[in-house]
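A short write-up of the structure that comes next.
The first residue of the sequence shown is numbered 1, and numbering continues consecutively from there.
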Amino acid sequence: MSAAQPLDVQPTPLALLLLGREADPKSERGVECPGDLPAPSDPDLVARARAAKEKLGDRVFVLGHHYQRDEVIEFADVTGDSFKLARDAAARPEAEYIVFCGVHFMAESADILTSQAQQVVLPDLAAGCSMADMASAEQVAECWEVLIEAGVADTTVPVSYMNSSADIKAFTGRHGGTICTSSNAKRALEWAFGEGEKVLFLPDQHLGRNTAVREMGMTLDDCVVYNPHKPNGGLTTQQLRDAKMILWRGHCSVHGRFSLESVREVRERIPGVNVLVHPECKHEVVAAADQVGSTEYIIKALEAAPAGSKWAVGTELNLVRRLANRFAAEDKEIVFLDRTVCFCSTMNRIDLPHLVWALESLADGNVVNRIEVDAETEKYAKLALERMLALP
């Protein structure tokens, strides 16, 4: 018997990336930060952050996403969701440095909306977004070719969630589409169906499905899921022609973990509880909830809640815990929807050592981890964002 011959197999870029043997500069998966970080055990971290921020003065503007750690939020000049923060940065043209305590796609949006004189810094380049990673520019371009071959591209309008890379936003802009947030998704879809017959919704299938079915009167049969890892997205030509909503097979790793069992369990455990969830949750979870809304909606709902009310909240744990502490004095009981706690792991990469390192570097005149979107990508991504801003 002859010896087995080695197979001539070349690993794909994705395989190398997953094995940690390759890097993808356009991916949300980050790279190691240069320089030496302060030790997490350094008892002077808070004082060092304050000193560096004071030295920079009005030259720096620190943005803190709602899902950030408390230790980071303490140093944020403003807090909010991703798009609110990007607009806040654009409204501060005197700030030379925008330190975005969020994830990569958020910093990209800030760079797109701010002036050329401003520099956007992400304290840890490894702070990405698994959802945004689920739709690469190459995959979406291939999907569009599938739609062309099916004869439906001319009547399909792309609508991309804010939680997407600059490349995906630029694709959307080039093909006549718009961006949406979790709070204006219905308006974006209404606009899109005024422009065409179908919507390609990227990259979160759950937000697209929940908006179409809950708020626009469509049925689950009107929606199909395009899987970029299957030939033709795993769909037949007829399925693409019949569908109104072509949903990308993407999801949020935090919101996707909530289940119908989570809802049932918390109702049994806490009689009279109100279940409040984000629209990135699965459709069956949203259907079983008492209220559904964006991060800002969740905060406002709990602000307006009567004393003594009980709430199980299906969104990121940092925010839920912060809200529970904030409203404890008002006798509002706020718990995490799932009994197994879950932080956004990539958002949590932005910690106090990384923030201190970034601020001290800027104070010393060294710009680190700058996020820059190239001019061509920025042009079309901004076009898609401007269409959203023009929505009625």
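- In terms of modelled atom types and a separation under 3.5 Å, the side chain of E215 and the main chain of K186 share no donor-acceptor contact.
- If you take CG on N163 and SG on C129, they are separated by 5.5 Å, rounding to the nearest 0.5 Å.
- Here the CZ-OG1 distance, from R322 to T79, works out to 8.0 Å after rounding to the nearest 0.5 Å.
- Between R87 and L389 there is a side-chain heavy-atom pair separated by less than 4.5 Å.
- Between R267 and E265 no salt bridge is recorded (no basic side-chain N to carboxylate O distance below 4.0 Å).
- Between F201 and C180 there is a side-chain heavy-atom pair separated by less than 4.5 Å.
- Grouping the Ile, Leu, Val, Met, Phe, Trp and Tyr side chains by contacts below 4.5 angstrom, directly or via other members, places W144 with L235.
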Exercise for review: Evaluate the criterion side chain to side chain contact (heavy atoms under 4.5 Å, CB included) for residue pair R249 and K230; output intermediate values, then yes/no.
Suggested key: CA-CA 11 Å; R249 190 174 182 269; K230 291 185 176 181; over 6 Å; no
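- Criterion: ILVMFWY side-chain heavy atoms under 4.5 Å apart, direct or through other members. Under it, V72 and L359 are part of a common hydrophobic cluster.
- The side-chain heavy atoms of F75 and C101, taken from C-beta on, include no pair separated by under 4.5 Å.
- Rounding to the nearest 0.5 Å gives a distance of 7.0 Å between SG of C143 and CZ of F171.
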Exercise for review: Using the side chain to side chain contact (heavy atoms under 4.5 Å, CB included) rule, take E296 and H66 through it: C-alpha gap first, then chi angles, then the decisive distance, then the call.
Suggested key: CA-CA 9 Å; E296 295 290 343; H66 285 309; 3.0 Å; yes
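- Atom-to-atom distance recorded for D111:CG and E378:CD is 6.0 Å, nearest 0.5 angstrom.
- A donor-acceptor distance shorter than 3.5 angstrom exists from the side chain of R349 to the backbone of A126, with no hydrogens or angles considered.
- You'll find the side chain of D242 stays beyond 4.5 Å of the side chain of D221, heavy atoms only.
- Judged by distance alone, the side chain of K169 and the main-chain N or O of M162 form a donor-acceptor pair under 3.5 Å.
- Of all the heavy atoms in T114 and A110, the pair that sits closest is OG1-O, 2.7 Å.
- Using a 4.5 Å cut-off on side-chain heavy atoms (C-beta onward), H278 and V254 make no contact.
- With respect to K84 and D88, a salt bridge is recorded, a charged nitrogen being found less than 4.0 Å from a carboxylate O.
- Annotation: the span from E316 atom CD to I298 atom CD1 amounts to 11.0 Å, rounded to 0.5 Å.
- Of the N and O atoms on the side chains of D222 and T219, at least one donor lies less than 3.5 Å from an acceptor on the other residue.
- In terms of hydrophobic clustering, with Ile, Leu, Val, Met, Phe, Trp and Tyr side chains grouped at heavy-atom distances under 4.5 Å, I270 and L260 are assigned to different clusters.
- Using a distance-only test at 3.5 Å, with no hydrogens or angles considered, no donor-acceptor pair links the side chain of D331 to the main chain of A307.
- Side chain of N210 to main chain of C281: a donor-acceptor pair is present (N/O by atom type, distance under 3.5 Å, no hydrogens or angles).
- The local environment of CD in E94 is crowded, with over 12 non-hydrogen atoms from other residues, nucleotides or ligands closer than 6.0 Å.
- Closest approach of A185 to T211, counting heavy atoms only: CB-OG1, 3.6 Å.
- For the pair D70/N318, no side-chain contact is recorded, criterion being any heavy-atom separation below 4.5 Å from C-beta on.
- Judged by distance alone, the side chain of N227 and the main-chain N or O of G233 form no donor-acceptor pair under 3.5 Å.
- Note that the CG atom of D77 and the CG atom of L85 stand 11.0 Å from one another [nearest 0.5 Å].
- Within the 4.5 Å cutoff, the side chain of V225 has heavy atoms near those of the R209 side chain.
- When all heavy atoms of I98 and A89 are compared, the closest pair comes out as CG2-CB, 3.9 Å.
- Linking ILVMFWY side-chain heavy atoms closer than 4.5 Å, directly or via other members, places V213 and F193 in two distinct hydrophobic clusters.
- For the pair R50 and E54, the salt-bridge criterion is not met [side-chain N within less than 4.0 Å of a carboxylate O].
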Point to revise | Working for side chain to side chain contact (heavy atoms under 4.5 Å, CB included), residues V152 and K198 | key: CA-CA 8 Å; V152 300; K198 304 176 186 292; 3.7 Å; yes
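- Salt-bridge annotation for E284 and K282: absent, with no side-chain N of the basic residue lying under 4.0 Å from a carboxylate O of the acidic one.
- In this structure, the side chain of N274 does not engage the main chain of W311 through any donor-acceptor pair within 3.5 Å.
- No donor-acceptor distance shorter than 3.5 angstrom exists from the side chain of D338 to the backbone of S262, with no hydrogens or angles considered.
- Considering every non-hydrogen atom in both M245 and A212, the closest pair reads CG-CB, 3.8 Å.
- Note on L317 and I334: same hydrophobic cluster, where clusters join Ile, Leu, Val, Met, Phe, Trp and Tyr whose side-chain heavy atoms are under 4.5 Å apart, directly or indirectly.
- If you check the side chains of Y67 and T295, you find a donor sitting under 3.5 Å from an acceptor.
- For the pair E303 and R326, the salt-bridge criterion is met [side-chain N within less than 4.0 Å of a carboxylate O].
- At least one side-chain heavy atom of L362 sits less than 4.5 Å from a side-chain heavy atom of V99.
- Heavy-atom neighbours of E195 CD from other residues, nucleotides or ligands within 6.0 Å: above the threshold of 12.
- When all heavy atoms of Q118 and P93 are compared, the closest pair comes out as NE2-CA, 3.7 Å.
- Between H255 and F258, the ring planes lie tilted relative to each other; the angle falls in the 30° to 60° range.
- D374 CG: more than 12 foreign heavy atoms inside a 6.0 Å radius.
- Of all heavy-atom pairs spanning A358 and V368, the tightest one is CA-CG2, 4.1 Å.
- K332 places a side-chain N or O within donor-acceptor distance of the main-chain N or O of L302, the cut-off being under 3.5 Å.
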**Study point:** Steps toward side chain to side chain contact (heavy atoms under 4.5 Å, CB included) verdict (L56, K53)
**Key:** CA-CA 5 Å; L56 287 161; K53 199 159 182 278; 5.8 Å; no
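- The number of heavy atoms from other shown groups lying within 6.0 Å of CG (D364) is above 12.
- Side-chain N or O atoms of R241 include one that pairs as donor or acceptor with a backbone N or O of A150 at under 3.5 Å.
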